[in-house]
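These numbers come from a predicted model, not from an experiment.
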Amino acid sequence: MVLIIDDEKKICSLLSRIIELEGFKTLQANTGKEGLKLLKSNEVSIVISDVKLPDVNGVALVKDIKAIKSYVEIINLTAYGTIADGVLAIKNGAFDYLVKGDDNEKIIPLLYKAMDKSNLQRRVSDLENKIAKKHSFETIIGQSKTLKEAIDLAKKVSKTDTTVLLLGETGTGKEVFAQSIHYESLRSAKPFVALNCSGFSPDLLESELFGYKAGAFTGANKDKKGLLEEANGGTLLLDEIGEMNLDLQAKLLRVLESQTFIKVGDTQTQQVNVRILAATNKDLKADGLSGKFRSDLYYRLSVFTITLPPLRERKADIPALATYYLKEFADKVNRSVPKMDDKILSVLSSHSWKGNIRELKNIIERLVILSDDNVLSATALPPEFFDFTPVANEYNLQQIEKQHIQKVLIHTKGNKTETSRLLGIGLTTLYRKIEEYQIKEV
């Protein structure tokens with residue numbers, strides 16, 4: 001829809017008829033205030049606005065329109081065009097600036113171009129909103145007291161630029177929290193970048209973080225941006241920060257204190273505007289006392305600390321988490337969502353979950369793949385799952401293990417090498433189990 005704002009009603013009507021002949025729907029307003037009111041209550045894609053309005057300058061109005069709906073494109077019309085007004089209109093976000101009479105033939109072609117751009121901007125805006133919604137705090141599953149306390153803290157700090165240190169065991173959802181903090185912050189429209197510090201050697205980690213100049217080392221044929229630059233204006237998560245070496249920690253401290261850094265192989269200091277979040281499963285304070293981690297960096301990172309509870313301390317959340325992943329993986333393999341009976345829930349709830357949510361997610365995916373009917377069964381759980389699980393009395397461990405091996409053998413069409421890989425046991429152990437349980441060849 002096209003909104004026409006002009007205090008001359010005849011011009012409004014004329015433009016409206018011309019544009020509607022091209023198949024567009026139009027709205028008309030004679031003041032800036034009236035135009036903004038129509039903009040808020042209608043699905044407008046383009047605004048054609050006169051510069052001389054009775055209550056506001058049309059060039060200044062561009063900013064107000066963009067503030068309400070950023071994807072709307074604005075074409076300014078004026079009877080007396082000036083270069084200064086044209087430059088300011090474009091600077092404020094206008095799509096174009098036309099002089100009435102001289103540029104009449106340009107309006108329709110320009111309208112189509114503006115509509116294409118608006119539609120693209122709308123799709124980008126919708127995608128950004130979906131991403132933000134996907135990573136909002138509301139999507140974090142669980143009602144346990146410890147989890148709610150962590151979420152409340154994260155919500156409070158998200159609106160600031162404060163550095164946050166996320167603590168917790170592996171698999172507790174530290175990156176999920178980091179993403180939620182970013183997408184609830186004022187930086188949400190800018191990039192969120194995550195770097196796993198344990199995934200690189202010290203030299204490679206420095207190159208990934210700061211980037212490098214051409215010729216800095218063998219193979220550096222051209223300049224490369226580091227993740228600090230990629231995250232400029234947004235948020236950088238340094239996951240497994242405890243694995244970073246001491247030399248690189250000193251350089252990171254400089255970034256935190258001055259928002260400046262130097263690329264590998266360069267001598268020039270570069271400015272950056274980035275919020276740093278860090279995550280670790282280590283005790284950085286203790287590592288600082290032992291010399292394994294810089295104490296000054298620890299105190300700079302831990303301005304605001306959030307500790308995420310392990311799954312074993314929030315077992316009341318297991319049914320909700322299991323149900324969520326059950327649907328996710330059932331949809332993934334295009335099958336109906338299996339049901340969980342009380343027995344399987346009892347087994348899941350009594351497990352120690354050393355791998356936390358990540359382990360639960362993997363177990364549910366496996367259950368979905370290996371359960372033949374519409375009800376999940378403990379017989380589809382891997383044998384190692386029971387090594388440290390107090391199993392309910394109604395289950396016979398050997399029977400469960402036998403049935404599970406049988407299911408995997410059927411799944412692999414009797415391929416014992418693949419079966420042993422999926423089961424996570426040695427090939428010799430598999431042959432022994434087949435003989436012990438008298439499992440028939442597939």
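Looking only at side-chain heavy atoms (C-beta outward), Phe200 and Leu209 stay at 4.5 Å or farther from each other. Two residues are said to be in side-chain contact when any heavy atoms from C-beta on lie closer than 4.5 Å; Tyr325 and Ile357 meet this criterion. Side-chain contact check for Glu73 versus Lys66: some heavy-atom pair is nearer than 4.5 Å. In this structure, Leu167 and Thr280 have side chains that are in contact, with non-hydrogen atoms separated by less than 4.5 Å. With a 4.5 Å cut-off on side-chain heavy atoms, Cys12 and Asn30 count as touching. Between Leu15 and Thr26, the closest side-chain pair of non-hydrogen atoms is not below 4.5 Å. Inter-residue side-chain proximity for Leu277 and Ile181 is flagged as met; some heavy-atom pair is nearer than 4.5 Å. Contact of the Lys224 side chain with the Glu229 side chain is not registered, since no non-hydrogen atoms from C-beta on lie closer than 4.5 Å.
Surrounding NZ of Lys190 are at most 12 heavy atoms belonging to other residues, nucleotides or ligands under 6.0 Å away. Counted within 6.0 Å of NZ on Lys69, heavy atoms from surrounding residues, nucleotides or ligands total more than 12; the atom is thus considered enclosed. Residue Lys63 places its NZ atom among 12 or fewer non-hydrogen atoms of other residues, nucleotides or ligands, all under 6.0 Å distant. Annotation for Tyr324: atom OH does not count as buried by contact number, only 12 or fewer foreign heavy atoms lying within 6.0 Å.
Thr323 is linked by a side-chain hydrogen bond (donor to acceptor under 3.5 Å, both in side chains) to nothing, counting only residues two or more places apart in sequence or in another chain. In this structure, Glu365 has no side-chain hydrogen bond (donor to acceptor under 3.5 Å, both in side chains) partners at least two apart in sequence or on a different chain.
The main-chain N or O of Leu311 is found under 3.5 Å from a side-chain atom of Asn356 such that the two form a donor-acceptor pair. Distance alone, capped at 3.5 Å, places no donor-acceptor pair between the Asp287 side chain and the Phe293 backbone. Formation of a donor-acceptor pair under 3.5 Å by the Ser118 side chain with backbone atoms of Ser45 is found in this model. A distance-only check finds no donor-acceptor pair linking the side chain of Ser16 to the backbone of Ser13 [under 3.5 Å]. Side-chain N or O atoms of Asn245 include one that pairs as donor or acceptor with a backbone N or O of Leu248 at under 3.5 Å. Between the side chain of Gln143 and the main chain of Asp317, no donor-acceptor pair closer than 3.5 Å is present. Under the 3.5 Å distance criterion, the side-chain polar atoms of Asp96 are left unmatched by any main-chain donor or acceptor of Leu110. Between the Thr139 side chain and the Ser136 main chain, a donor and an acceptor come within less than 3.5 Å of each other. Arg335 places no side-chain N or O within 3.5 Å of a backbone atom of Asn374 that could act as its donor or acceptor partner. Looking at Lys52, its side chain never comes within 3.5 Å of a backbone N or O of Asn57 through a donor-acceptor pair.
In this structure, CG in Asn196 is found 10.5 Å from CD1 in Ile241, a value given to the nearest 0.5 Å. Atom CD1 of residue Ile5 and atom CD1 of residue Ile65 lie 5.0 Å apart, to the nearest 0.5 angstrom. Between the OG atom of Ser352 and the NZ atom of Lys354 there is a distance of 5.5 Å, given to the nearest 0.5 Å. Taken from CG in Asp50 to CD in Glu8, the straight-line distance is 7.0 Å, to the nearest 0.5 Å. Glu240 contributes atom CD, which lies 11.5 Å from atom CE of Met244 (distance to the nearest 0.5 angstrom). Note: Lys117 NZ to Leu120 CG = 9.0 Å, rounded to the nearest 0.5 Å.
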Pair Leu256, Leu297 - check side chain to side chain contact (heavy atoms under 4.5 Å, CB included), show working. CA-CA 9 Å; Leu256 288 165; Leu297 178 58; 3.6 Å; yes
Check step by step if side chain to side chain contact (heavy atoms under 4.5 Å, CB included) holds for Asp266 and Phe210. CA-CA 10 Å; Asp266 199 2; Phe210 299 120; over 6 Å; no
Step by step, work out the side chain to side chain contact (heavy atoms under 4.5 Å, CB included) result for His351 and Glu359. CA-CA 11 Å; His351 189 58; Glu359 182 187 359; 2.8 Å; yes
After noting the C-alpha distance and the side-chain angles of Asp152 and Lys148, does the key distance pass the salt bridge (charged side-chain N to carboxylate O under 4.0 Å, His left out) rule? CA-CA 6 Å; Asp152 287 343; Lys148 282 186 172 182; over 6 Å; no
Full working for salt bridge (charged side-chain N to carboxylate O under 4.0 Å, His left out) between Glu138 and Lys155: CA-CA 11 Å; Glu138 281 64 37; Lys155 282 182 176 179; 3.6 Å; yes
Assess the residue pair Glu22 and Leu111 against the criterion (side chain to side chain contact (heavy atoms under 4.5 Å, CB included)); give the C-alpha distance rounded to whole Å, side-chain angles, the decisive distance to 0.1 Å, and a yes or no. CA-CA 10 Å; Glu22 294 293 322; Leu111 196 64; 5.6 Å; no
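A pairwise comparison of heavy atoms in Leu238 and Cys197 identifies CB-SG, 4.2 Å as the closest pair. Heavy-atom minimum distance, Leu284 versus Gly242: CD2-CA, 3.8 Å. Heavy atoms only, all atoms of each residue included: Val274 and Leu228 are closest at CG1-CD2, 3.7 Å. For Leu376 against Leu326, the heavy-atom pair with the smallest separation is CD1-CD1, 3.5 Å. Closest heavy-atom contact between Leu166 and Lys174: CD1-O, 3.3 Å. Minimum interatomic distance between Arg187 and Gly234 (heavy atoms only, all atoms of both residues): NH1-O, 3.2 Å.
Ion pair Glu418/Arg421 flagged as a salt bridge, since at least one NZ, NE, NH1 or NH2 atom sits closer than 4.0 Å to an Asp/Glu carboxylate oxygen. Using a 4.0 Å cut-off between charged nitrogen and carboxylate oxygen, Asp296 and Arg300 do not count as a salt-bridge pair.
Note: Tyr212 and Phe217 have perpendicular aromatic rings, judged against thresholds of 30 and 60 degrees for the angle between ring planes. Relative orientation of the Phe177 and Phe137 rings is perpendicular, given thresholds of 30° and 60° on the angle between their planes.
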